[in-house]
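Down below is the structure, laid out as structure tokens.
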Number of protein chains: 2
Amino acid sequence: MERQKIEVAWSGQSNCRKCGIRELVLFVDLKEEDFLHIHMPIHDMHYEKGSLIYPQGGESGAVFTIRSGVVKLVQYLPNGRHRIVRLLRQGDVAGLEALFGQAYEHTAIALQSVLTCRIPCEVVHRLNRETPRLLNPLMERWRRSLHRADEWLTTLSTGSARARVARLFLHLLDEGPHPTCHLFSREDVGAILGLTTETSSRVIAELKRGKALTELKTNLFRCDRERLEEISLD
Amino acid sequence: MERQKIEVAWSGQSNCRKCGIRELVLFVDLKEEDFLHIHMPIHDMHYEKGSLIYPQGGESGAVFTIRSGVVKLVQYLPNGRHRIVRLLRQGDVAGLEALFGQAYEHTAIALQSVLTCRIPCEVVHRLNRETPRLLNPLMERWRRSLHRADEWLTTLSTGSARARVARLFLHLLDEGPHPTCHLFSREDVGAILGLTTETSSRVIAELKRGKALTELKTNLFRCDRERLEEISLD
DNA sequence: CGTGTACTTGAATTACATCAAATGATGTGG
DNA sequence: CCACATCATTTGATGTAATTCAAGTACACG
């Protein structure tokens with residue numbers, strides 16, 4: 001069982017104009033003049049691995065642009081079980097539903113050390129009133145989230161445990177000289193795939209024995225893409 | 001195996017101003033003057049049960065507002081298996097991704113006799129340029145779809161077969177004097193829940209024996225809400 | 001270096017899938 | 001309107017995959 005940490009740092013107010021990853025975030029299309037309409041502070045937030053960004057059902061007042069790291073969106077069932085419904089990375093936005101004045105639909109937790117910009121909803125609304133340039137990036141985030149949600153269901157929640165695990169690795173692949181993948185806890189793998197922790201562990205162990213995966217160091221794997229693709233068809 | 005029918009009728013051009021369900025559809029907020037900007041025909045379409053509305057990967061040129069009936073959105077895996085990722089009903093919009101110039105992400109099929117309005121993307125784009133009043137309904141459709149997608153995963157794709165089937169019935173409940181539910185084929189139930197046709201059939205049969213369900217006539221059930229809620233917690 | 005947490009592995013059990021056959025519903029043409 | 005063809009559903013028997021419960025081991029952290 002994970003314990004939830006509460007390590008949140010507030011690194012100060014952002015300067016969005018000079019943002020190093022602006023081409024990836026919501027404000028990509030804004031012009032110099034548009035920034036004048038931001039009258040509430042946008043904060044850079046730092047979350048330690050395992051810490052809570054916001055809780056499901058929690059009162060919402062802001063959206064969070066992910067600057068680095070990985071965030072899991074968790075949803076709880078009445079019986080206490082839970083599923084991870086999405087992973088968010090650089091350029092994704094967490095808590096979009098806040099813009100509709102709704103409570104957060106998921107619990108958002110940092111899977112690694114995570115940097116975000118906390119953007120008050122009021123800022124988004126105001127910008128939307130003053131300029132049309134925020135709209136496309138915003139719609140694009142909705143589209144992307146929905147696409148991922150459907151993909152998540154069909155690829156990670158369908159078929160045998162072996163196939164699902166293989167698809168998860170393919171999903172997480174970092175391309176490079178050798179395709180690698182850094183994984184998280186077996187419990188989280190289970191919550192992503194709808195399997196138990198033990199089954200996740202067993203299947204991953206089996207893939208290691210079959211050389212489809214090689215564990216370089218703890219939770220860092222070299223992946224044999226072709227073998228994984230075969231297995232993903234089961 | 002289902003065969004796909006091709007019964008599509010075209011009932012003529014819509015008069016959106018006089019639409020009987022306008023409070024439910026995309027054009028809810030439009031004013032008289034806005035309709036002048038519609039320079040392409042919006043057609044009323046009629047699809048027989050089982051017929052194809054659009055295919056996954058198909059070239060997209062329009063979105064479809066559902067006026068009545070139920071539509072399933074199906075996604076296929078490389079290995080030939082498939083899952084139903086969403087059901088759409090009155091007021092929902094199918095094929096929103098078309099607005100981004102993308103191929104359709106799902107295959108949309110009528111589960112019952114279905115009426116839609118086929119709205120060319122160009123009409124939506126033009127209206128969006130001319131008036132801000134289409135935007136909220138549009139965003140609301142994105143939000144709703146995403147909400148449903150997440151709900152689908154956590155409630156219909158998690159836990160035992162019994163619990164999933166129970167949750168599906170709760171999901172489909174028509175409130176009324178007695179809560180009833182009209183179901184579709186066991187094959188579709190399987191594709192929604194990630195189970196085989198046989199397992200779906202067996203579980204439904206078991207719920208009937210346990211009096212949680214009573215089959216009034218073929219595929220029309222009276223539901224014991226409380227029993228189903230208990231079972232849904234498994 | 002010890003302690004707690006996560007991961008692995010084993011054995012028993014259960015739930016679901018698979019294959020096969022029988023029954024039931026629906027529609028068609030004679 | 002009946003007989004037959006077709007397709008969906010139910011049910012059974014059997015196999016397999018995944019869960020459960022229970023140790024044991026590795027690993028990270030203070």
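It should be emphasised that the depicted structure is a prediction, and the values quoted were computed from it without experimental measurement. Lettering follows sequence order; numbering is per chain, from 1.
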Output the rounded distance in Å from [atom1] ([X]) to [atom2] ([N]).
X: A:Glu187; N: C:dT8; atom1: CD; atom2: C1'; value: 15 Å
X: A:Lys208; N: C:dT9; atom1: NZ; atom2: P; value: 7 Å
X: B:Ile204; N: C:dG24; atom1: CD1; atom2: P; value: 18 Å
X: A:Phe221; N: C:dC7; atom1: CZ; atom2: C1'; value: 11 Å
X: A:Glu206; N: D:dA17; atom1: CD; atom2: C1'; value: 11 Å
X: B:Asn219; N: D:dT9; atom1: CG; atom2: P; value: 6 Å
X: B:Arg202; N: C:dT18; atom1: CZ; atom2: P; value: 12 Å
X: B:Glu215; N: D:dT10; atom1: CD; atom2: C1'; value: 11 Å

message = For DNA chain D, which residues of residues 152-165 of chain B approach it to below 4.0 angstrom with any heavy atom?
response =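 Result for residues 152-165 of chain B: none.
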key: Nearest heavy-atom neighbours spanning B:Leu220 and B:His182   =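 Nearest heavy atoms, B:Leu220 then B:His182: CD1-CB, 3.7 Å.
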task = Using a cut-off of strictly less than 4.0 Å between a heavy atom of the residue and any atom of DNA chain C, enumerate the qualifying residues of residues 190-198 of chain A by number.
result =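 Those residues whose heavy atoms fall under 4.0 Å from DNA chain C, taken from residues 190-198 of chain A in numerical order, are A:Glu198.
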Under 3.5 Å, is there a donor-acceptor pair linking the side chains of [X] and [Y]?
X: A:Arg164; Y: A:Thr155; value: no
X: B:Glu105; Y: A:His147; value: yes
X: A:Thr197; Y: A:Ser200; value: no
X: A:Thr154; Y: B:Gln75; value: yes
X: B:Arg83; Y: B:Ser157; value: yes
X: A:Asp44; Y: A:Ser14; value: yes

key: Member of B:Arg144, B:Arg141, B:Arg86 meeting the salt bridge (charged side-chain N to carboxylate O under 4.0 Å, His left out) criterion with B:Asp92   =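 Only one of B:Arg144, B:Arg141, B:Arg86 forms a salt bridge (charged side-chain N to carboxylate O under 4.0 Å, His left out) with B:Asp92, namely B:Arg144.
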request  = Could you please spell out the steps behind the salt bridge (charged side-chain N to carboxylate O under 4.0 Å, His left out) verdict for A:Arg162 and A:Glu206?
outcome  = CA-CA 9 Å; A:Arg162 262 172 65 90; A:Glu206 187 203 322; 2.4 Å; yes
Watson-Crick and G-U pairing of DNA chain D, under 3.5 Å, as dot-bracket with | and [ ] = ||||||||||||||||||||||||||||||
ask   = Does the side chain of A:Ser201 get closer than 4.0 angstrom to OP1 or OP2 of C:dT8 through an N or O atom?
value =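 Result: yes.
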ask   = Between A:Thr218 and D:dA26, is there a side-chain N or O to OP1/OP2 distance below 4.0 Å?
value =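 No, no such contact exists.
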Gap separating the NE2 atom of B:His43 from the OG1 atom of B:Thr116, nearest 0.5 angstrom =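 Atom-to-atom, B:His43:NE2 and B:Thr116:OG1 are 11.0 Å apart.
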5' priority, DNA chain D, between A:Ser200 and B:Arg209 [closest heavy atom] =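 The residue closer to the strand's 5' end, by nearest nucleotide, is B:Arg209.
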ask   = A:Leu213 and side-chain contact (heavy atoms from CB on, under 4.5 Å): which partner among A:Val165, A:Leu228, A:Asp224?
value =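 Of the listed options, the one satisfying the test is A:Leu228.
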